[in-house]
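Numbered from 1 within each chain, the chains take letters A, B, ... in sequence-line order.
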Number of protein chains: 2
Amino acid sequence: MKYKISNNVIRRLPRYIRFLELLEASGAVRVSSKELGELMGLTASQIRQDFNCFGGFGQQGYGYNVQQLSEAMSEIMGISHERKAIVIGAGNLGKALIANFKFKKYGYTLTAAFDVCPELVGKKFSRTPVYHIDKLEEYLMKNKVDVAALTLPGETASGVVTRLINSGVPGIWNFTRLEFPATFGPARVENVHFADSLLVLSYALKEKEKEEGGEA
Amino acid sequence: MKYKISNNVIRRLPRYIRFLELLEASGAVRVSSKELGELMGLTASQIRQDFNCFGGFGQQGYGYNVQQLSEAMSEIMGISHERKAIVIGAGNLGKALIANFKFKKYGYTLTAAFDVCPELVGKKFSRTPVYHIDKLEEYLMKNKVDVAALTLPGETASGVVTRLINSGVPGIWNFTRLEFPATFGPARVENVHFADSLLVLSYALKEKEKEEGGEA
DNA sequence: TAGATTGTTAATCGATTAACAATC
DNA sequence: TAGATTGTTAATCGATTAACAATC
């Protein structure tokens, strides 16, 4: 169970969790790798290989217990670590995270937001207080923070990342147009680039149009 | 130049574009696969292989012209198709897209937003009018739409997708908690799941902690 | 020309799929 | 027990890397 798990596998795990929760919600108690594969568009073989990176969750002749498997996957992703998050930048995207993102569901408590805008500082959104970004170090000194979500303009992001790392924040969830390396000094970074996915969609549309043009 | 390009390559292209634009902005005129590889954390070999899926953009002994290459990549992604987009759901995330996302930069014009909320319907955000979702079919009848961004609650997303597809919208940019297949009937779908990336970050943090624990 | 770097072929590596014995 | 389905090994496939001749 303990060597290096490939990145491909890791990135499939959250997807497994989502589908398993869906199954759970629909009342399914057990699922076979074949059924799950059909649902998710994967081969049964791949699913079994993926799961067996972490040990045997199934039972021959039966399949997998949906709830048990779902919990095991969540556990592997570290959902029970009781982590703390902050949001930096309380613009629309920051507010979207504050108001709608289910931090709790993924093991996080959102403890604060930061912004420069005087109209926002001092307010609360969905019970999350907004502090001035100048108070960042002070806050980090007093409060453990595992992940900072960057929802601020790209121009200012670079400096903020330096400050976060200097204050020992280990996780950066980056929504800005900048990209930081996955391992950035002592920190771990996840970059989310909306534009990338829109471009991939554009490409798919182009391909589709070509196919249709070709057929006609 | 014309067979099937692998998904891995396609998903790397937007990233190439981003780094090339960065280089361009920094005033670089030429770049070698070696330099670009060091910048992006890829091998020079892989970069040359990727580019050569689409034909020879470089020049032996010289490298690649940054601007030319960047434009060629953008072109491959179909950036010049002059596409139209709408946003469905004008909550925080919808507003974030409307206000901050550079649709133009990626070849899109954002033409409308839709919502159910009476406080929003009839208003404009950053020059984008918000219509009632009941008017969706009417709007789609009169206006070509290539991509609909779904920034509404998951509960209502499924029905909206059916309506979009019935009205012939070919592209779905899905930000809800639901997941649709990449090819969903005649439509092409890109799913964006914030939670997936946060979980991957959680996993990375867990690994980091384990390493540090191990060393100590 | 000599040096650099591409485009491209060949080699390697890793990931996915297939197969099947183990076993519930 | 017979049937189903896992866990796991072996085979295949595809993606990445290495190598090098072509050429700017």
Student: Could you point out which residue of B/F51, B/F54, B/Y16 forms a side chain to side chain contact (heavy atoms under 4.5 Å, CB included) with B/V9?
Tutor: B/F54
Student: In whole Å, what is the span from the CG atom of B/N65 to the P atom of C/dT5?
Tutor: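 From B/N65 CG to C/dT5 P: 15 Å.
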Student: Look through every strand shown and name the nucleotide pairing with D/dA10 as Watson-Crick or G-U wobble, where both distances are under 3.5 Å.
Tutor: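 For D/dA10, the partner nucleotide comes out as C/dT17, under the 3.5 Å rule.
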Student: Which nucleotide wins on minimum distance to the side chain of B/R48, given the candidates C/dA15, D/dT5, C/dT6?
Tutor: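 When the side chain of B/R48 is considered, C/dT6 is the closest of C/dA15, D/dT5, C/dT6.
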Student: Starting from P on D/dA15, measure out to CZ on B/R11 and report it in whole angstrom.
Tutor: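 Rounded to the whole Å, the gap is 14 Å.
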Student: Any strand is fair game: report the nucleotide pairing with D/dA4 by Watson-Crick or G-U wobble, both distances under 3.5 Å, or none.
Tutor: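 Answer to the pairing question: C/dT23, which forms a Watson-Crick or G-U pair with D/dA4.
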Student: Would you please confirm or rule out a distance under 4.0 Å between OP1 or OP2 of C/dT6 and any side-chain N or O of B/S33?
Tutor: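 It does, given that an N or O in the side chain of B/S33 lies less than 4.0 Å from OP1 or OP2 of C/dT6.
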Student: Is the phosphate of C/dA15, meaning OP1 or OP2, less than 4.0 Å from a side-chain N or O of A/R12?
Tutor: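 Checking C/dA15 against A/R12, no side-chain N or O comes under 4.0 Å of OP1 or OP2.
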Student: Does B/T43 have a side-chain nitrogen or oxygen under 4.0 Å from the phosphate oxygens OP1 or OP2 of D/dT17?
Tutor: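 Answer yes for this pair, as a side-chain N or O of B/T43 is under 4.0 Å from OP1 or OP2.
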Student: Starting from P on C/dC24, measure out to CZ on A/R30 and report it in whole angstrom.
Tutor: 16 Å
Student: Separation of B/L36 atom CG from C/dA4 atom P, in whole Å?
Tutor: 20 Å
Student: Taking atom C1' of D/dA4 as reference, at what distance in whole Å does atom NZ of A/K34 sit?
Tutor: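 After rounding, the gap between these two atoms is 11 Å.
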Student: Return the value, rounded to whole Å, for the distance between atom CG of B/N52 and atom C1' of D/dA15.
Tutor: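 After rounding, the gap between these two atoms is 15 Å.
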Student: Can a salt bridge be assigned to the pair B/K210 and B/E207 using a cut-off of 4.0 Å between side-chain N and carboxylate O?
Tutor: yes
Student: Do any side-chain nitrogens or oxygens of B/N8 fall under 4.0 Å of OP1 or OP2 in D/dA15?
Tutor: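 B/N8 to D/dA15 OP1/OP2: no side-chain N or O under 4.0 Å.
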Student: Do the charged groups of A/E209 and B/R188 touch, with an N to O distance under 4.0 Å?
Tutor: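 A salt bridge is absent here (no side-chain N lies under 4.0 Å from a carboxylate O).
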Student: Using a distance-only criterion (donor-acceptor N/O pair, under 3.5 Å, no hydrogens), is the base of C/dA15 paired with the side chain of A/S6?
Tutor: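 Under the 3.5 Å cut-off, the side chain and the base do not form any donor-acceptor pair.
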Student: Can B/N92 and A/N92 be counted as having a side-chain donor-acceptor contact under 3.5 angstrom?
Tutor: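 There is no such pair between these side chains.
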Student: How many Å lie between CD on A/E38 and C1' on D/dT5, as a whole number?
Tutor: 14 Å
Student: Hey, does the side chain of B/Y64 come within less than 4.0 Å of C/dG7's phosphate (OP1/OP2), counting only N and O?
Tutor: yes
Student: Does A/Q46 put a side-chain nitrogen or oxygen below 4.0 Å from OP1 or OP2 of C/dT16?
Tutor: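 Yes, within the criterion.
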Student: Both A/Q49 and A/Q60 contact DNA chain D. Which one's nearest nucleotide lies toward the 5' end?
Tutor: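 Its nucleotide being nearer the 5' end, the pick is A/Q60.
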Student: Atom CD1 of A/I47 and atom P of D/dT5: how far apart are they, to the nearest Å?
Tutor: 13 Å
Student: So what does B/S45 hit on the nucleic acid, given a heavy-atom distance under 4.0 Å: a base, only sugar-phosphate, or nothing?
Tutor: base
Student: Considering only NZ, NE, NH1 and NH2 on the basic side and carboxylate oxygens on the acidic side, decide whether A/R12 and A/D50 come within less than 4.0 Å.
Tutor: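 So A/R12 pairs with A/D50 through a salt bridge.
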